[in-house]
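Being a predicted model, the structure only gives us computed values, none of them experimental. We count ligands from 1, going down the list as the structure has it; atoms in each ligand are counted the same way. Start at 1 with the first residue, then count along the sequence.
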Amino acid sequence: MLRVENVTHSFKNGNETTAVLHQIDFSVKKGEMVALLGSSGSGKSTMLNLMAGLMKPTEGHIYIADHDIVKMSENKLSEFRRKHIGFIFQAYELITSLTVRENVELPLVFQSVSPSIRKQKALALLEGVGIPDKADLFPSQLSGGQQQRVSIARSLITEPSVIFADEPTGNLDSKTEEEIINILLNLNKKMKTTFIVVTHELKVAEQMQRIFTLQDGYMITEKQTSSDTELEGGKLIED
Ligand SMILES: Nc1ncnc2c1ncn2[C@@H]1O[C@H](COP(=O)(O)OP(=O)(O)OP(=O)(O)O)[C@@H](O)[C@H]1O
Ligand SMILES: [Mg+2]
């Protein structure tokens, strides 16, 4: 589903070049839910933005469903992103002047889907994330956890092949964090959507099927967790 091959990334500021990712290699299977774990500044968001096609790596290849997104032209890439990629941000990024339902529908407006179908899909997804009664409210009338549910529904409406989430619970208290992670886990189970979730919390990462750990721009470990079915005598099998 997703393959990152020998990706290196540097940022240029004037004459200065800072290398932030070094020869990263990993792959994620269709339907998997994995965590990208690491402390602040380790390169998690940079890696996620590269995989979501929001910027191009200095070197290497990134394949999504066998398409090398590094080689794609900007036009083709924006179309590919709209169709195949969903994104959930820490700060929700909802449009304040639109209602909850209109926010969820928005990605389909860009795909010229008819209003009645948009509405029907948006309402079904709001039901799925547990806030069907909030459809006609505005984002400012919702709690943080409810706003994140809206942004999850919005990311799903195009039925993307993969959803990237950058610290989706970073702004939430621990009880709400648990609720949001459970919603993502359930969606992954039910809809078989592939999820890549950035987090700096081990307790969040451990609920995913595998954990990729970044440290100072290097991928240091790849670990299978007990959330995967491969348990033997209660002990974790690492690969
Ligand atoms: N546009 C940029 N220009 C220069 N350096 C950058 C830029 N964006 C990120 N960096 C640097 O790249 C490194 C990795 O940043 P990144 O945002 O990927 O880390 P992160 O793991 O997501 O951290 P956090 O947990 O704090 O969000 C940091 O040292 C950061 O200063
Ligand atoms: Mg980050």
Would you call Val4 and Ser27 a side-chain contact if the rule is heavy atoms closer than 4.5 Å?
no
Using a strict cut-off of less than 4.0 Å between a Lys/Arg side-chain nitrogen and an Asp/Glu carboxylate oxygen, indicate whether Glu5 and Arg3 qualify as a salt bridge.
yes
Can you list the residues that meet the side-chain contact (heavy atoms from CB on, under 4.5 Å) rule with Ser155, with sequence neighbours excluded?
Ile88, Ile163
Before accepting this row, confirm whether a basic side-chain N of the pair Arg149/Glu179 lies closer than 4.0 Å to the acidic partner's carboxylate O.
yes
Where Lys30 and Met1 come nearest, the two heavy atoms and their spacing:
N-CB, 3.4 Å
For a quick check: using heavy atoms under 4.0 Å, what are the residues in contact with ligand 1, sorted by chain and number?
Phe11, Asn13, Val20, Ser39, Ser40, Gly41, Ser42, Gly43, Lys44, Ser45, Thr46, Glu167
With a cut-off of 2.8 Å, does Ser45 put an N/O/S atom close enough to the Mg ion (ligand 2)?
yes
Answer yes or no: is there an ion pair linking Arg210 with Glu222, defined by an N-O contact shorter than 4.0 Å?
yes
